Amino acid sequence: MLIRDWSSDVCSSDLMVVPAELWQESTRWEQYGKELLRLKDRKDADFCLGPTHEEVITDIVRREVRSYRQLPLNLYQIQSKFRDEIRPRFGLMRGREFIMKDAYSFDVDEAGADVAYDKMYQAYRRIFERCGLRFRAVEADTGNIGGSSSHEFMVLADSGEDAIVSCDSCEYAANVEKAELRDAGGDFPVPTQALTKVATPGQRTIEEVAGFLQVEPARLIKTLLLRTDGGETVAVLLRGDRELNDIKLCRLLGCNEVELADEETVRRVTGAPSGFAGPVGLKGRILADFEVRAMVDAVTGANEVDTHYTGVACGRDFTVETFADLREAVAGDFCPRCAGKLEVWRGIEVGHVFKLGTKYSQALGATFLDAQGQEQVIFMGCYGIGVGRTVAAAIEQNHDENGIVFPMPIAPFQVIVTMVNPNDAEVCAAAEKLYAELLERGIEVLLDDRDERPGSKFKDADLLGIPLRVTVGARGLKDGALEVQERRSGAREMLPLAEVAEAVAERVRGALAG
RNA sequence: CGGAGCGUAGCGCAGCCUGGUAGCGCACCUGCCUUGGGAGCAGGGGGUCGGAGGUUCGAAUCCUCUCGCUCCGACCA
């Protein structure tokens, strides 16, 4: 409901089984890869279960929209999506099937699309704030969806699958996949050592070599041999203590995927088993992270079994085709926007907004006639929220030793009325009366009239995480009062029978407004 | 795809190493008792030990294959 409240104009019909032709039109049938859950019908025709619905929605819009007068338009739906995840896990967090709210905006030009994007961005902020979540909106890679730019909404949690960085002094925040790192610049420093070949029997990993030669891992140049999905093999150089960001590399190379070259390829390219690769004398394309330019007196593999070089200097002993930002950001790196330093957090991605530009409208021919009668391509945006994941993330951030502590806006019930003894006619009548009074006031209330022991009913109420509990028992009724307990703090107070319903309703309204 | 672990009563597990009557907790059934924080006592029911094959006088236990689930990794340098 919360999501619906802040989403937009129209709800499209739900479609899950999508003919392959649509995905072929956008070229994503090939591009999306194994994550696309494909199936065949009885006539052996190809279909997929939609992992996201840019194609479907664009198809609907291209059939309906003729004129600029029909724009802007914003469509959304909340339904199951399907992704053949490489490893489904963590229950609701990453399943093959999940509920996603997805919205799509259609505008006459880029400026209009930017307005739509900004509105959705703000709406998403409000939704997640109202869910009681601690989160960050971060710049993100657009991945399989594509488009020009995007922001992810990341719930901060140590168990999160993503790492994000944020600047300690400005507003910059990004997924590490995306986080830019600046080129420190400068020229090659002057080396003090000569290139020397040393024996390193059996020392393959950075840790092994660094330990064997008694140098810091940062003094090593890590040489990765990678194979692109286009079949090209490239060498990438990084400082020994750094990790490659393969998304940055893919962007530089213009490919979709890179993977580590297999042992056979390593032997063919370097003439040595893996673990001894280095840039000195290496043939083929060599790319390097910015940091490598500043490295002298370094250690690299010698492309010879059980052998490394010391005293290696970039520029003197080998040359590099391109220096680029290729490594993963780490805590303490400089912010790309200001003089601040980056901090690293773990996060759960619960929402993602994209500026799509004309990627899908162009491919599928979604056009309109402008005021001058000219045909124009629609500008699109798309916006998603993982519904189940948002609830899971909210629970991750809001629980204690007794179970869930739901924030009021997303609680399945706002209040639970617990009858201590349902066999006591007076208790029963009082509880039912209160239940009715709360319903009248529009409160989402659950009545626990089970014939269970009080202890187990209290435990269940806690476990369910219902924010407020009203206990109706003979003990309180004797004094004409009922006990109201707050789940989060455990604070209890006795309220006069006649005032309970209104007082509780008022608290719910207050928490919803807050 | 690589690695590891687990499949024994409805649920959670022990037993397996060292083969010999299949067990515990919770749940369930009956009775008594009990109603403001997951009660107590007494009695009771329930299991092709994931599946197939093999070894053996005898297999939950050992061996082989197989199915399913979970976890880790998928950056070796």
Side-chain angles (χ1 to χ4, degrees), chain A residues 34 84-91 93-95 159 161 200 202-210 212 217 220-227 233-249 257-267 269-270 272-279 282 299-309 326-328 401-403 417-428 431 448-464 469-479 481-485 487 490 492 494:
Chain A
K34 290 185 171 168
D84 192 355
E85 294 285 349
I86 187 166
R87 183 150 80 88
R89 56 180 150 182
F90 307 141
M93 285 292 184
R94 184 172 292 280
S159 64
E161 293 185 288
T200 51
Q203 312 296 312
R204 295 163 162 263
T205 68
I206 290 287
E207 291 70 29
E208 287 167 358
V209 174
F212 184 80
L220 273 65
I221 296 174
K222 185 192 287 199
T223 304
L224 303 173
L225 291 167
L226 296 143
R227 192 176 185 80
T233 302
V234 299
V236 174
L237 309 182
L238 297 171
R239 211 172 83 181
D241 57 339
R242 303 304 194 186
E243 299 299 326
L244 174 67
N245 179 322
D246 54 358
I247 291 175
K248 290 178 179 177
L249 179 62
E257 235 175 271
V258 290
E259 60 178 13
L260 227 48
D262 56 28
E263 184 67 28
E264 188 195 332
T265 307
V266 171
R267 282 174 185 274
V269 173
T270 69
S274 70
F276 304 99
L282 192 68
V299 176
T300 72
N303 299 320
E304 196 174 310
V305 69
D306 294 343
T307 313
H308 282 75
Y309 280 121
L326 292 174
R327 72 177 172 93
E328 197 105 300
E401 63 281 2
N402 292 315
V417 175
T418 301
M419 283 185 198
V420 174
N421 182 1
N423 299 317
D424 179 323
E426 200 185 338
V427 166
C428 199
D448 190 351
D449 59 355
R450 294 174 301 165
D451 189 9
E452 296 287 340
R453 305 184 61 78
S456 74
K457 286 192 278 199
F458 293 149
K459 285 288 181 189
D460 284 345
D462 289 348
L463 202 57
L464 290 176
R469 187 185 82 211
V470 184
T471 307
V472 182
R475 188 190 289 179
L477 286 180
K478 180 162 53 69
D479 304 325
L482 298 178
E483 183 190 85
V484 179
Q485 179 166 7
R487 173 66 180 86
R492 307 172 190 191
M494 300 301 293

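Letters go in sequence order (proteins before strands), and every chain restarts at 1. Predicted model only: the values in this text are computed from it and were never measured.
- Of the listed nucleotides (B/G38, B/G36, B/G37), B/G36 has the atom at the smallest distance from the side chain of A/Pro454.
- Looking at the side chain of A/Ile86, the nearest of the listed nucleotides B/A74, B/G37, B/U35 is B/A74.
- Following rounding to the nearest Å, A/Lys478 (NZ) and B/G36 (P) show an atom-to-atom distance of 12 Å.
- Positionally, the nearest nucleotide of RNA chain B for A/Gly473 lies more toward the 5' end than for the other of A/Leu238 and A/Gly473.
- No engagement by A/Asp424 is indicated, since no non-hydrogen atom pair under 4.0 Å with the nucleic acid exists.
- B/C17 makes up no base pair with any nucleotide shown, lacking Watson-Crick or G-U wobble contacts both under 3.5 Å.
- Searching all strands for a Watson-Crick or G-U wobble partner of B/C6 with both distances below 3.5 Å returns B/G68.
- One C1' atom belongs to B/G31, the other to B/U8, and the distance between them is 32 Å to the nearest Å.
- Among the atoms of the strands shown, base atoms are found under 4.0 Å from some heavy atom of A/Ser274.
- If you take CZ on A/Arg492 and CZ on A/Arg469, they are separated by 6.5 Å, rounding to the nearest 0.5 Å.
- Within 4.0 Å (heavy atoms only), A/Gly278 reaches no atom of the nucleic acid at all.
- Note: CE (A/Met494) to P (B/G36) measures 13 Å, nearest angstrom.
- A/Asp451 has its CG atom 13 Å from the P atom of B/A39, to the nearest Å.
- Rounded to a whole Å, the CG atom of A/Leu224 is 14 Å from the P atom of B/A74.
- With hydrogens and angles ignored, no donor-acceptor pair closer than 3.5 Å exists between the side chain of A/Glu452 and the base of B/G38.
- At the heavy-atom level, A/Glu207 lies under 4.0 Å from the strands shown only through sugar-phosphate atoms.
- The separation of B/G51 from B/C57, taken at their P atoms, amounts to 24 Å, rounded to a whole angstrom.
- Which of B/U35, B/A77, B/G38 sits closest to the side chain of A/Lys222 comes down to B/A77.
- Residue A/Thr223 places no side-chain N or O under 4.0 Å from the OP1 or OP2 atom of B/A77.
- Rounding to whole angstrom units, CZ of residue A/Arg87 and C1' of B/A4 are separated by 12 Å.
- Residue contacts for A/Glu259: at a heavy-atom cut-off of 4.0 Å it reaches no nucleic acid atom on any strand shown.
- Across all strands shown, B/G36 has no partner, as no Watson-Crick or G-U wobble contact with both distances under 3.5 Å is found.
- In this structure, A/Arg242 reaches neither bases nor backbone, as no heavy-atom distance under 4.0 Å exists between it and the strands shown.
- Taking atom P on both B/C49 and B/G73, the two are 36 Å apart, rounded to the nearest angstrom.
- Here the straight-line distance linking atom CG of A/Leu482 with atom CG of A/Leu477 works out to 6.0 Å at 0.5 Å rounding.
- Summarising the geometry, the separation between CG on A/Leu326 and P on B/C75 is reported as 16 Å, rounded to the nearest angstrom.
- The partner of B/C28, taking Watson-Crick or G-U wobble pairs whose two distances both stay under 3.5 Å, is B/G44.
- Using atom C1' as the reference point in both B/U21 and B/A27, the two lie 26 Å apart (nearest Å).
- Comparing B/C6 with B/C62, their P atoms sit 11 Å apart, to the nearest whole Å.
- For B/G44 and B/U35, the C1' atoms lie 26 Å apart once the distance is rounded to whole Å.
- Screening residues 235-246 of chain A for side-chain hydrogen bond (donor to acceptor under 3.5 Å, both in side chains) gives A/Arg239-A/Asp241, A/Arg242-A/Glu291, A/Asn245-A/Glu328 as the qualifying pairs, with residues at least two apart or on separate chains.
- Listed nucleotides B/G38, B/G36, B/A77 differ in distance to A/Arg475; the shortest reach to its side chain belongs to B/G36.
- Taking atom C1' in both B/C26 and B/G38, one finds a spacing of 11 Å when rounded to whole Å.
- In plain terms, the two heavy atoms of A/Val305 and A/Pro273 that are nearest each other are CG2-CG, 3.7 Å.
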Subject >> Trace of the side chain to side chain contact (heavy atoms under 4.5 Å, CB included) decision for A/Glu304 with A/Phe276 >> reply: CA-CA 6 Å; A/Glu304 196 174 310; A/Phe276 304 99; over 6 Å; no
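- Taking the side chain of A/Asn421 as heavy atoms from C-beta on, and the options B/U35, B/G38, B/C75, the nearest nucleotide is B/U35.
- At distances below 3.5 Å, not a single donor-acceptor pair connects side-chain atoms of A/Arg94 with backbone N or O atoms of A/Arg87.
- When the C1' atom of B/U35 is taken as reference, atom NZ of A/Lys457 falls 8 Å away, rounded to whole Å.
- A/Arg453 has a side-chain polar atom (N or O) that falls below the 4.0 Å cut-off from OP1 or OP2 of B/A39.
- Side chain of A/Leu244, nearest nucleotide from B/G37, B/C75, B/A77: B/C75.
- Heavy atoms of A/Arg469 sit under 4.0 angstrom from at least one base atom.
- Between A/Asn402 and A/Ile221, the residue anchored nearer the 5' end of RNA chain B, judged by the nucleotide with its closest heavy atom, is A/Asn402.
- Straight-line distance from the CG atom of A/Asp449 to the P atom of B/U35: 19 Å, rounded to whole Å.
- By the 6.0 Å contact criterion, CD on A/Glu208 is enclosed, its count of non-hydrogen atoms from other residues, nucleotides or ligands being greater than 12.
- No side-chain donor-acceptor contact under 3.5 Å links A/Lys222 to the backbone of A/Ile206.
- Under the Watson-Crick or G-U wobble criterion, with both distances below 3.5 Å, B/C1 is paired with B/G73.
- Between B/G43 and B/G54, the two C1' atoms lie 45 Å apart (nearest whole Å).
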